[in-house]
Amino acid sequence: MEEEDQRKVTDLVVDLVRRLLPQQNPNSPHFSQSLRYALRILSSCLNPSISPDADAIAESIKRRLATLGNSSDALTFADLYTKFASKNGPGSVHNKWAVLYLLKIISEDRKTAKNGMDFSFLLPNLGLNDDEMGNNVRVLNGKDNREKGWKNGVLLVSKDPENLREISFREFGNLVKEENEVTEEVLVRDVLYACQGIDGKYVKFDSNLGGYALLDSVKVPRATRIIVRKLCELGWLFRKVKGYISESMDRFPAEDVGAVGQAFCAALLDELSEYYKLLAVLEAQSMNPIPLVSENASSGNYLSLRRLSVWLAEPMVKMRLMAVLVDKCKVLRGGAMASSIHLHAQHGDPLVHDFMRQLLRRVCSPLFEMVRSWVLEGELEDIFAEFFIVGQPVKAESLWREGYRLHAGMLPSFISQSLAQRILRTGKSINFLRVCCDDRGWAAAATEAAAAAGTTTRRGGLGYGETDALESLVMEAAKRIDKHLLDVIYKRYKFKEHCLAIKRYLLLGQGDFVQYLMDIVGPELSEPANTISSFKLAGLLESAIRSSNAQYDDPDILDRLRVKMMPHGSGDRGWDVFSLEYDARVPLDTVFTESVMMRYLRIFNFLWKLRRVEHALIGAWKTMKPNCITSHAFTKLQRAVKLQLLSTLRRCQVLWDEMNHFVTNLQYYIMFEVLEVSWSNFSNEMEVAKDLDDLLAAHEKYLHSIVEKSLLGERSQTLYKSLFVLFDLILQFRYHADRLYEGIHELQARTVESSLNSRDKKKSRRQEKDKSSEPGSWISEGRKALTQRASEFLQNMGQDLEALATEYLTLYLAYQMVCFLKACLELSS
Amino acid sequence: MDPEAARTARESLDLAFHMSNILDTGLDRHTLSVLIALCDLGLNPEALAAVVKELQSEPPPSPPLPTSSSQIP
């Protein structure tokens, strides 16, 4: 029974096949092939996938028909099915469900075939391997419909009876094969190698062109060659960047590359690692074969040259940026490098902007670190000389002025000049406090500042792009440290008190002390300079201090006051080399430097001379006081002599008046108009000074104004000289006046004596012999001779005085005129 | 076969043919009868459908295409 069935099956199958392929000769090899194929299919799936439920199948068919819009068909079908199903008994179909299912599948297949054919008809799959036909039958060929017309179906007229499209596609395939020696996949892989700087099989680095290119020997169409060359630009850029990085890294041990340079290399390496990741993904994709002109192939992960160019567009932009930066920064270091990179960051494109920002953040972090540690701790951690503040080892007294300065070349362009000045001053203050003032309180100020600015005193926390944060930190720190410094200077080191002391002693503000000093030191100083001992003078200074109000002053201040003998030549008198000195120690010698003290010295000299002149005139006045003795004696003289005497005296008196007037006015001017005014200005400025630089500037201004106003400055050279000549004349006058009055007193004494002698001539003839004859006395010559001598003397004196007076007056007038003109000029300018 | 059975068979075939036409399967009466017979014998209807599909869609083993242009009427 089994065998019979089997035979029946085979027969039936044969029959079926014959039916299905009507135009075939049953004996053709194709027929047997198809038969074999059919049998294979039949034996492969023996079990149906659905349950044998005819009703269910019928239902689904009905539904399908209904949804397709053929409701009449559906009804007909339903009707037919009922009838079909009711046929039972011998001769009927036993496996109705099978039949139904069969019909269903066949109709569905036909439907999909018909629909599918509309799209696939135009682009048949063009396989390059035509040999294996059997496997390529899966997509339908529209030729089938040529012969078949159906009752209910649509007659499809084939669009391409002779398959021109297929022919041309096949020819194209052949052409492509001919033109390309190498396949696109291989080229893609080679380009990917080139992008990493490695020579591929066909794409190598050509040193003539200076870039990667396809070898000329390889035969590819021009378009492919051009696109490969374009993509290989990336390889050239990569080589440049990588070359710079490896070169820099080689120089690291030599400490040639700074911290900023190292940060730059690190940032570049990070970017490159991102780039490598992308390349790895692309390489994985490039392993997939490239389907040519295929519609069915999904946009799956294959990689053609065009796709590669899309992928590499963004990395190309970034790599170009990096290469430009590398070129610029080859010779730069430190802050200069940061500046030039910052210049490039001024770009509108958001991609470029973001990229540069990232890069700059990393590159500038060492710089910002250095700023932070400088501003908060005063530490310069600059091994590679990249910071814009340079320090040099100097003595403690010049620390403020010369210890640190700005190095403009290393200043990054995103830090402004004023900010840089502030930074410099803050760090300088901390160092100054630490070194010169021996003070530790600044650390508290620094932490406060950091807390106020929102960052910490630890590392990190500041970056590029946060220039505001940096600025606020610096401002806070500067404010606090400056205040602290000024506190220390004022309170601990009593700056104001010292300034006042200098004013009182060096600028002769303490009148009683100066007077007393002049009194006791005066006689000493008239000696030649090399005979004066400074110890003696120091002793005299001490006694002067003790006898004036100065003794109540702070002993620390008095300690610093000393006598100084300047280096002198052989002809100098003590007056020329005497001066006082004030010893300002660290840290105040930042303000009172050597040069500043020299200027004070000069002013002191001038003031001392002035005082001396004043002293001389006062001394002259003492002798010139009119008194009875002198006037009494002259009544006895002859009228002519008397007149002469009187006139000389008068002249002397008048001259003295003039000189006194001049000196008093000058003294007043210097003391009040110059010194006091400058001092009050300076005081005011000291009150408002915010930091040591301000203080230094104020003091400088104070000194300068004193020097200028007391006519000691550059512009007043001639005036100064004439003034000193005047002083000399005054001193000469004193000398002459002294001589005159000496003479008068002598004369008076002789006159009295001679009158006495004449009265007692008889009595004291004997006494005469006892009197030793004085040299040059006129007693022995009698009264006439006396008068004659007197008149001669007076005449001489008169002439001298006359000459003196004229000289003095002319000079004085000239001096006055020049002063007046100068004052006018100054007022008008 | 007795006439009853034959009649039943014939009517069944008619009905099946009608249904196949409605469903637009493109099968003619004789093929359908063969198929029904095969189904009755227990063959998998899916397999049979596959056979039908394959053999219907198979292009005839023509000589190389360029010469097919000569067949154009």
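Below, chain A is the first sequence line, B the second, and so on; all start at residue 1.
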Out of B:D40, B:T31, B:V34, B:V51, which one racks up the most heavy-atom pairs below 4.5 Å with chain A?
B:D40

Max heavy-atom pair count under 4.5 Å with chain A, selected residue of B:A37, B:A49, B:A16
B:A49

Chain B contact via A:L68 - side chain, backbone, both or neither, heavy atoms under 4.5 Å:
neither

Which answer fits A:L103, side chain, backbone, both or neither, if we ask what part of it has an atom under 4.5 Å from a heavy atom of chain B?
both

Region of B:D14 in contact with chain A, defined by heavy-atom distances below 4.5 Å
neither

Proximal component of B:L13, with respect to chain A [non-hydrogen, under 4.5 Å]
neither

Apply side-chain contact (heavy atoms from CB on, under 4.5 Å) to A:L75 and list each qualifying residue two or more places apart in sequence or on a separate chain.
none

Salt-bridge test for B:E11 and A:K83: reply yes if a basic N is under 4.0 Å from a carboxylate O, no otherwise.
no

Any side-chain heavy atom of A:F77 within less than 4.5 Å of one from B:L23?
yes

Out of curiosity, A:Y101 OH to A:I61 CD1, how far, rounded to the nearest 0.5 Å?
10.5 Å

Which is it for A:E108 and A:K111 under the salt bridge (charged side-chain N to carboxylate O under 4.0 Å, His left out) test, yes or no, and what are the steps along the way?
CA-CA 5 Å; A:E108 272 169 3; A:K111 213 153 232 111; over 6 Å; no

